[in-house]
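Heads up: numbering here begins at 1 and tracks the sequence.
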Amino acid sequence: MPNVRAIPTVRRRRLGRALRKFRTEAGLSLDQVAELMNLKPGAKWDGPKTSRIENANGKISAPEVVTLLGHYGVTDPETVTALEELARTAGKAGWWNSYGGVVPSNLEDLIDAEEEARVVRSYYATVLPGLLQSGAYAREITAATSFHIPKEEHPAIVDVRMGRQAALTRPGAAQYWFVIHEALLLQQFTPHPSLMREQLLRLLDVSDLANVNLQVMPLDSGPHPGARGNFSIFHFPKPWPSLVSAESAGVSHYTEGQETAERFQTDFDRIVASALPADRSRDTIRTHMEGMTR
């Protein structure tokens with residue numbers, strides 16, 4: 001395969017991270033990988049090629065992935081098959097690519113995580129999760145938080161957020177568990193008095209989905225780990241490691257690995273224990289909604 005620069009799609013980034021992990025665990029340098037790959041007659045491989053593949057800037061075929069994994073000592077059939085398939089579809093662009101530069105790479109990774117995860121657990125206290133936002137709420141929040149982005153790009157940002165919500169209802173959708181702070185239910189948008197009532201109705205509708213569990217953290221809950229900020233935990237099918245997205249100063253940071261996921265899962269379990277049960281959460285949402293302007 002010609003060693004040409006590839007478009008760094010989400011799939012290529014995921015494949016590159018996995019191959020780098022297995023190479024590192026095997027204790028092989030880039031040059032050692034090249035030597036091993038060049039044992040095959042006619043192969044033309046060098047260290048920089050491996051680096052480009054791992055950084056999502058180089059192409060690799062499914063057979064080459066299998067060969068690499070063999071050199072790395074990876075023989076688990078599920079893992080090999082998963083990475084083979086990823087190599088075959090690495091050039092596939094996500095639906096969000098049609099929106100161009102309004103979708104940065106970190107948001108691409110989040111969208112991919114929402115669509116590929118099997119279990120997602122989220123705690124939000126400063127803003128409602130994008131997957132739960134109504135269109136009107138999304139527009140107001142975008143205008144308030146994206147003032148550094150040209151206004152003409154705001155509609156595309158909102159469209160992408162609405163498009164993400166298909167992950168909730170697609171075939172094979174993940175199991176979602178949201179905990180949101182009650183203070184978010186009390187927010188008011190003065191120019192649009194009916195906006196929050198519509199938003200709370202959206203929350204009730206989503207909570208009816210069989211794969212969604214929605215809880216409210218009451219105002220009188222007391223201290224809990226959610227005080228550190230919004231976060232989500234994504235669990236994927238084998239061989240992909242769990243991913244944690246945690247916000248700090250309004251910026252999301254992503255960390256892969258079982259140890260981090262387990263730490264945040266412990267925090268989430270404590271948050272759930274402090275939150276209202278699902279039925280009482282729905283009652284709370286409904287009570288706030290009924291007291292708002294139609």
N/O donor-acceptor pairs under 3.5 Å from side chains in residues 155-164, not counting sequence neighbours:
unit_1 : atom_1 : unit_2 : atom_2 : d
R161   : NH1    : Q133   : OE1    : 3.0
R161   : NH1    : T142   : OG1    : 3.4
R164   : NE     : E114   : OE1    : 3.1
R164   : NE     : E114   : OE2    : 3.4
R164   : NH2    : E114   : OE2    : 2.6

Side-chain donor/acceptor pairs under 3.5 Å, residues 85-92, sequence neighbours excluded:
unit_1 : atom_1 : unit_2 : atom_2 : d
R88    : NH2    : E84    : OE2    : 3.4
T89    : OG1    : R11    : NH1    : 3.0
T89    : OG1    : E85    : O      : 3.0

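Under a hydrophobic-cluster definition in which Ile, Leu, Val, Met, Phe, Trp and Tyr are linked whenever side-chain heavy atoms come within less than 4.5 Å, directly or via other members, L243 and L83 are assigned to the same cluster. Grouping the Ile, Leu, Val, Met, Phe, Trp and Tyr side chains by contacts below 4.5 angstrom, directly or via other members, places F234 with V212. Under a hydrophobic clustering in which Ile, Leu, Val, Met, Phe, Trp and Tyr are joined whenever their side-chain heavy atoms come within less than 4.5 Å, directly or via other members, I141 and V103 fall into the same cluster. With hydrophobic clusters built from ILVMFWY side chains whose heavy atoms lie under 4.5 angstrom apart, L15 shares a cluster with L28. Cluster annotation: V244 and V120 are assigned to distinct hydrophobic clusters (Ile/Leu/Val/Met/Phe/Trp/Tyr, side-chain heavy-atom contacts under 4.5 Å, transitive).
No donor-acceptor pair under 3.5 Å is formed between the side chain of Q215 and the backbone N or O of V179. Checked by atom type and distance alone, the side chain of T79 never pairs as donor or acceptor with a backbone atom of T75 at under 3.5 Å. Under the 3.5 Å distance criterion, the side-chain polar atoms of H192 are left unmatched by any main-chain donor or acceptor of S194. Here the side chain of T266 pairs a donor or acceptor atom with the backbone of E262 at under 3.5 angstrom. Although no hydrogens or angles enter the test, the distance criterion places no donor-acceptor pair under 3.5 Å between the side chain of D112 and the main chain of E108. In this structure, S242 contributes its side chain and H235 its backbone to no donor-acceptor pair below 3.5 Å. Side-chain N or O atoms of H154 include one that pairs as donor or acceptor with a backbone N or O of I149 at under 3.5 Å. Using modelled atom types, no side-chain atom of N211 and backbone atom of T169 make a donor-acceptor pair closer than 3.5 Å.
Ring-centre distance between F178 and Y124: not below the 6.0 Å cut-off. If you look at Y123 and H224, their ring centroids are closer than 6.0 Å.
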E182 and H288: side chain to side chain donor-acceptor pair (under 3.5 Å), yes or no, with the steps?
CA-CA 10 Å; E182 185 177 1; H288 286 302; 2.8 Å; yes
What verdict does the salt bridge (charged side-chain N to carboxylate O under 4.0 Å, His left out) test give for R202 and D205, after you've listed the backbone C-alpha separation in whole Å, the side-chain angles of each residue and the deciding distance to 0.1 Å?
CA-CA 5 Å; R202 159 75 179 162; D205 288 343; over 6 Å; no
Check the pair W96 / V10 against side chain to side chain contact (heavy atoms under 4.5 Å, CB included), numbers first and verdict last.
CA-CA 11 Å; W96 56 87; V10 168; 3.8 Å; yes
Please determine whether side chain to side chain donor-acceptor pair (under 3.5 Å) holds for the pair Q265 and R121, giving the CA-CA distance in whole Å, both sets of side-chain angles, and the decisive distance to 0.1 Å.
CA-CA 8 Å; Q265 181 59 53; R121 297 181 172 95; 3.2 Å; yes
Test E115 against R170 for salt bridge (charged side-chain N to carboxylate O under 4.0 Å, His left out), laying out the working first.
CA-CA 9 Å; E115 296 191 346; R170 64 175 176 77; 5.9 Å; no
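E25 is linked by a salt bridge (Lys or Arg N to Asp or Glu O under 4.0 Å) to K21, counting only residues two or more places apart in sequence or in another chain.
By the 4.0 Å N-to-carboxylate-O rule, D76 lies close enough to K238 to be salt-bridged with it. Between E64 and K40 there is no salt bridge, since no side-chain nitrogen of the basic residue lies less than 4.0 Å from a carboxylate oxygen of the acidic one. Electrostatic pairing of D279 and R282 does not count as a salt bridge here, judged by no charged N lying under 4.0 Å from a carboxylate O.
E140 places none of its side-chain heavy atoms less than 4.5 Å from the side chain of P191.
For the residue pair A43 and M37, the shortest heavy atom distance occurs at CB-O, 3.3 Å. Across every non-hydrogen atom of F236 and P241, the tightest pair is CD1-O, 3.2 Å. Shown here for R118 and P237, the closest heavy-atom pair between the two residues is CG-CD, 3.6 Å. For the residue pair E54 and L30, the shortest heavy atom distance occurs at OE1-CD2, 4.1 Å. The shortest heavy-atom contact between V33 and L68 is CG1-CD2, 3.5 Å.
Here the OH atom belonging to Y254 is positioned 15.0 Å from the OG1 atom belonging to T260, to the nearest 0.5 angstrom. Rounding to the nearest 0.5 Å gives a distance of 13.0 Å between CD1 of I285 and CZ of R280. The CG atom of L204 sits 10.5 Å away from the CD atom of Q199 when rounded to the nearest 0.5 Å.
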